[in-house]
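Everything on this sheet refers to the single structure shown next.
All heavy atoms count here, side chains included; hydrogens, waters and symmetry mates do not. Quick note: residue numbers are just sequence positions, from 1.
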Amino acid sequence: RRAEHAEKVAVVAQQEKAMLRKALDDTVSQIESFTSSDMIDRRIVAQLLVTFVSRPQDQREVLALMSQMLEFNQQQRVAVGLEKPPRRSLYEALFGGGGGGDD
């Protein structure tokens with residue numbers, strides 16, 4: 001009985017994952033169909049936020065998608081953990097400067 005229950009739970013989880021993946025793919029398609037506009041549909045942002053919160057394993061993918069939508073610069077991508085900070089030279093590390101972050 002436990003094995004049956006576990007199998008049913010696994011099937012439901014796979015179906016839910018497939019539905020969420022389809023919603024995310026649909027959202028990506030909608031985003032890609034946008035021209036370079038400054039307007040973003042609130043429904044898309046809402047769906048991305050729901051996916052981000054409800055699917056921790058997909059958070060990096062959602063962040064990457066949102067960073068593209070919102071045209072993040074390198075500093076913003078570093079701030080949300082999508083990129084590593086640029087390496088500083090030994091001179092900059094010892095004497096300051098060039099590290100940014102004071103903006």
Worksheet item: For the atom pair CZ (R77) and CD (Q75), what is the distance rounded to the nearest 0.5 Å?
Response: 13.5 Å
Fill in: Residue list, side-chain hydrogen bond (donor to acceptor under 3.5 Å, both in side chains) with R42, at least two apart or on another chain
none
Worksheet item: Are the side chains of E61 and T51 in touch, meaning some heavy atoms are under 4.5 Å apart?
Response: no
Discussion item. Quick check: closest heavy atoms across L82 and S67, and the distance to 0.1 Å?
Written reply: CD1-OG, 3.5 Å
Worksheet item: If you round to the nearest 0.5 Å, how far is CD of Q74 from CD of Q76?
Response: 11.0 Å
Worksheet item: Any link between M69 and V53 through a network of hydrophobic side chains (Ile, Leu, Val, Met, Phe, Trp, Tyr) touching at under 4.5 Å?
Response: yes
Worksheet entry | ILVMFWY network linking V50 to M66, side-chain heavy atoms under 4.5 angstrom | no
Item to complete: Please answer: with hydrophobic residues joined when any side-chain heavy atoms are less than 4.5 Å apart, are L48 and L63 in the same cluster?
Response: yes
Worksheet item: Do you know which two heavy atoms are closest between R60 and G81, and how far apart they sit?
Response: NH1-O, 2.9 Å
Worksheet item: More than 12 non-hydrogen atoms from neighbouring residues, nucleotides or ligands closer than 6.0 Å to CD on E7, yes or no?
Response: no
Discussion item. Contact between V62 and L49 at the side-chain level, heavy atoms closer than 4.5 Å - yes or no?
Written reply: no
Item to complete: With the side chain counted from C-beta on, respond yes when L24 and L65 share a heavy-atom pair under 4.5 Å apart, and no when they do not.
Response: yes
Worksheet item: Do E16 and R55 touch side chain to side chain, with heavy atoms closer than 4.5 Å?
Response: yes
Practice prompt. Look only at the side chain of Q59 and the backbone of F52, and say whether a donor-acceptor pair between them is shorter than 3.5 Å.
Written response: yes
